[in-house]
Amino acid sequence: MNTELQRARALLAASGDPVVFTGAGVSAESGIPTFRDALTGLWAEYDPETLATEAGFRANPSLVWDWYASRRERIGQAEPNPAHRAIAAIEAARGRVTVVTQNVDGLHARAGSSDVVELHGSILRARCLAGCGPASGWEADLRSPPRCRHCEAPLRPDVVWFGEWLPHEAVAAAEAAAARCDLMLVVGTSAQVYPAAELPFRARRSGAEVIVINPEPTEIDAIASVVLRGRAGEILPALLP
Ligand code: BV8
Ligand code: ZN
């Protein structure tokens with residue numbers, strides 16, 4: 001076993017309060033394209049940062065809704081992969097492990113993680129564009145935005161779009177976890193989207209060790225105690241006792 005993996009195993013074994021921070025890469029081996037790869041087919045010519053915005057939705061509700069509907073269908077056919085399961089196994093072995101995710105696919109919960117902070121909401125829920133009611137589930141086969149039954153405004157996916165504030169309770173929980181943990185596993189994120197990408201730096205400032213798991217280099221590598229260059233579905237199971 002290589003020394004970096006041995007060091008990471010030792011850090012996890014010694015940790016009293018590990019937190020896992022994940023991005024789209026943790027779901028890649030479930031067959032879910034990472035965020036920037038998600039724009040294929042009909043949406044290939046669109047920039048996610050314009051499509052994943054309220055203005056983009058208001059300009060073309062059916063196009064944006066269909067993009068989310070197709071992603072949601074794909075997620076419905078996907079299964080948690082060994083990375084999600086290894087994270088749930090860490091919790092099963094030690095009790096509480098907070099998972100702070102940027103993903104909207106719900107796969108951590110489906111793998112068995114019970115303390116999941118969804119910083120960017122969930123594609124599995126929808127809410128009224130006019131904000132008149134709570135989020136709810138939506139039927140998968142709708143091909144254009146359903147209407148709110150209270151005010152007739154279109155429903156929108158219950159995700160955080162670019163230019164929108166993150167849910168304050170999720171931000172508070174994520175910041176508390178980053179401040180409290182003695183180890184943060186940073187898995188499958190390009191760390192380009194803020195304020196989420198701030199969290200590993202916050203954990204480091206609070207004295208936590210940081211382990212990065214990613215096939216590609218990221219800005220978080222500079223503050224990492226260990227960088228494991230590879231895929232989460234292979235590396236995370238190898239960290240378990
Ligand atoms: C905000 C939900 C305050 C939707 C997402 C100008 C105007 C306004 C805001 C900004 C601006 N300029 C910058 C900003 C801030 C902006 C931002 O950060 N932009 C970036 C692009 C620079 N942030 C925001 O707008 C946030 N809100 O700032 O509010 C505000 C309020 C009002 C006015 C102004 C400001 C909101 C950000 C949330 C956006 N919503 N998702 C949806 O999903 O459709 S973000 C979306 O992209 C994903 O959720 C995800 O978080 C992100 C992509 O990041 P990753 O998860 O890291 O995925 P990525 O594909 O990038 O990387 C995958 C990684 O996995 C890679 O490193 C790869 O190597 C690795 N990998 C691949 N395979 C594997 C693997 N790793 C391990 N194993 C493998 N097998
Ligand atoms: Zn409404």
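Remember, it's 1-based here, ligands and their atoms both numbered in the order they're listed.
Any N or O atom pair closer than 3.5 Å counts here, and P195 shares no such pair with ligand 1. At least one N or O atom of A24, backbone or side chain, sits closer than 3.5 Å to an N or O atom of ligand 1. At under 3.5 Å, a nitrogen or oxygen of Y194, whether backbone or side chain, sits near a nitrogen or oxygen of ligand 1. At least one N or O atom of A232 sits closer than 3.5 Å to an N or O atom of ligand 1. Among the atoms of N214, some N or O lies under 3.5 angstrom from an N or O of ligand 1. Below 3.5 Å of separation, one finds an N or O of G163 facing an N or O of ligand 1.
If you check the side chains of S190 and E216, you find no donor sitting under 3.5 Å from an acceptor. Side-chain polar atoms of D158 and S122 form no donor-acceptor pair below 3.5 angstrom.
At least one N/O/S atom of C132, whether from backbone or side chain, sits less than 2.8 Å from the Zn ion (ligand 2).
With respect to the salt-bridge test (charged N to carboxylate O, under 4.0 angstrom), the residues E209 and R7 do not qualify.
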Open item on the list: Under the criterion side-chain contact (heavy atoms from CB on, under 4.5 Å), I'd like the reasoning laid out for T22 against I87: C-alpha separation, chi angles, the key distance, then a yes or no.
Closed with: CA-CA 10 Å; T22 66; I87 292 166; 4.2 Å; yes
Open item on the list: Between N81 and L107, is the side-chain contact (heavy atoms from CB on, under 4.5 Å) condition met? List the steps.
Closed with: CA-CA 9 Å; N81 69 58; L107 288 180; 5.8 Å; no
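For atom 45 (S) of ligand 1, the nearest non-hydrogen atom from the set E234, E198, E164, H120 comes from H120. Between E118, R71, Q192, it is Q192 that holds the heavy atom closest to atom 22 (C) of ligand 1. Distances from atom 80 (N) of ligand 1 to the heavy atoms of E216, Q102, E29 put E29 nearest. For the residues D105, V160, V212, the heavy atom positioned nearest atom 2 (C) of ligand 1 is part of V160.
Close contacts of ligand 1 with G23, meaning ligand atoms under 4.0 Å from a residue heavy atom, involve 56 (O). The distance from ligand 1 to the heavy atoms of T34 drops below 4.0 Å at these ligand atoms: 60 (O), 63 (C). Ligand 1 places these atoms under 4.0 Å from at least one heavy atom of V193: 18 (O), 37 (C), 47 (O), 52 (C).
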Enumerate donor-acceptor pairs with a distance under 3.5 Å from any side-chain N or O in residues 162-169 to protein atoms, sequence neighbours excluded.
from	atom 1	to	atom 2	distance (Å)
E164	OE1	R156	NH2	3.0
E164	OE1	W161	N	2.7
E164	OE2	R156	NH1	2.7

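The Zn ion (ligand 2) lies at the vertex of an angle of 110° between the SG atom of C128 and the SG atom of C148 (rounded to 10°).
Remark: A78 pairs with S30, I32 by the side-chain contact (heavy atoms from CB on, under 4.5 Å) rule, at least two apart or across chains.
Panel note: side chain R74, backbone P33; no donor-acceptor pair is recorded below 3.5 Å.
Of all the heavy atoms of R231, the ones lying under 4.0 Å from any atom of ligand 1 are found in both the backbone and the side chain. For A28, every heavy-atom contact with ligand 1 shorter than 4.0 Å involves the side chain, none the backbone.
The minimum heavy-atom distance between L228 and A8, with the atom names listed, is CD1-CB, 3.8 Å.
For the pair N214 and R229, the minimum side-chain heavy-atom distance is below 4.5 Å. Side-chain contact between E118 and V104: absent, with no pair of heavy atoms (C-beta onward) separated by less than 4.5 Å.
Using 4.0 Å as the threshold, A196 has no heavy atom nearer than that to any atom of ligand 1.
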